[in-house]
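Just below is one structure, and these are the notes that go with it.
Counting convention: from 1, in listed order, for ligands and their atoms alike. Given the structure is predicted, the values throughout are model-derived calculations rather than measurements.
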Amino acid sequence: MYDKDNVFAKILSGQIPCKSVYSDDNVLAFYDVSPRARVHVLVIPRGEYTDIFDFTQNAPADVQLAFWCGVRNTVEKLGLRNNFRTIANTGRGAGQSVMHFHVHIMSDDRFSEEF
Ligand code: AMP
């Protein structure tokens, strides 16, 4: 069950600040407070979904499409092109610490043309 007091819900409501990268009606992207890569950004839907399993089961198709468009827009805004990873930890056993669905975008090769 979704916990309305989780830290990302507080970011979405403005109770906690974030360093925003990209924002639209469906998505908010912001820098991770404890980066584990040179570029480490989180993308979250504005709706209340606990994880990717909940999101893909219960979010309407247009909301899911808008989310992935938001991920793409975030990557483009960061200039990462084809040098990034996406990670969606799912469940505490797999390392999910915030129970609001999010995708990590991580890159150590900004603007690289090598690949
Ligand atoms: P996960 O462990 O996959 O649930 O990822 C949650 C991420 O949220 C971690 O990488 C944290 O560093 C990050 N995080 C927690 N609180 C904040 C915050 N207030 N602002 C930005 N990132 C946060």
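For ligand 1, the atoms closer than 4.0 angstrom to any heavy atom of Ser34 are 12 (O).
Nearest non-hydrogen protein atom to atom 7 (C) of ligand 1 is Asp32 OD2, 3.5 Å. The protein atom (non-hydrogen) at minimum distance from atom 19 (N) of ligand 1 is Val7 CG2, 3.7 Å. Counting only heavy atoms of the protein, atom 2 (O) of ligand 1 lies nearest to Gly95 O, 2.8 Å. Looking at atom 8 (O) of ligand 1, its nearest protein heavy atom turns out to be Phe8 CZ, 3.4 Å.
A heavy-atom distance below 4.5 Å is not found between the side chains of Asp54 and Phe101.
Cys18 does not count as a contact of ligand 1, since none of its heavy atoms falls under 4.0 Å from the ligand. Judged by the shortest distance from any of its heavy atoms, Met99 lies outside the 4.0 Å radius around the atoms of ligand 1. Within the 4.0 Å heavy-atom cutoff, Lys10 does not count among the residues contacting ligand 1. Heavy-atom separations between Lys19 and ligand 1 are all 4.0 Å or longer.
Between His104 and His102, the distance separating the two ring centers is shorter than 6.0 angstrom.
Of all the listed residues (Val33, Ile11, Asn89), Val33 holds the heavy atom that lies closest to atom 21 (C) of ligand 1.
Considering backbone and side-chain atoms together, His104 places an N or O closer than 3.5 Å to an N or O of ligand 1.
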